[in-house]
Amino acid sequence: MTLLFQSLGFGVLFGLVMLLVNHDKPKKLLIFLKYFLIGTGGHFLYEWILG
């Protein structure tokens, strides 16, 4: 359960950082969701495989 929350937290942080980087583009919600999913899935797989 903590791996899920860690992955979600990392996804939120990664999404916010990438949203700040791409602040001048339209469709900010889609940018956040895309990088949120990439960050969450990547962190989950990294911890699951190597943890």
- Nearest 0.5 Å, what's the CD1-CG distance between I31 and L16? 12.5 Å

- Item | Contact check, side chains of L8 and F36, non-hydrogen atoms, under 4.5 Å | yes

Donor-acceptor contacts, no H, no angles, side chain residues 17-28, under 3.5 Å, sequence neighbours left out:
unit_1, atom_1, unit_2, atom_2, d
N22, ND2, M18, O, 3.1
H23, ND1, L20, O, 3.0
K28, NZ, H23, O, 2.7
K28, NZ, K25, O, 3.0

- Working to the nearest 0.5 Å, report the span between CG of L29 and CG of L33. 4.5 Å

- Item | For S7, all residues meeting side chain to side chain donor-acceptor pair (under 3.5 Å), sequence neighbours excluded | H43

- Item | Residue list, side-chain contact (heavy atoms from CB on, under 4.5 Å) with I38, at least two apart or on another chain | F14, K34, Y35

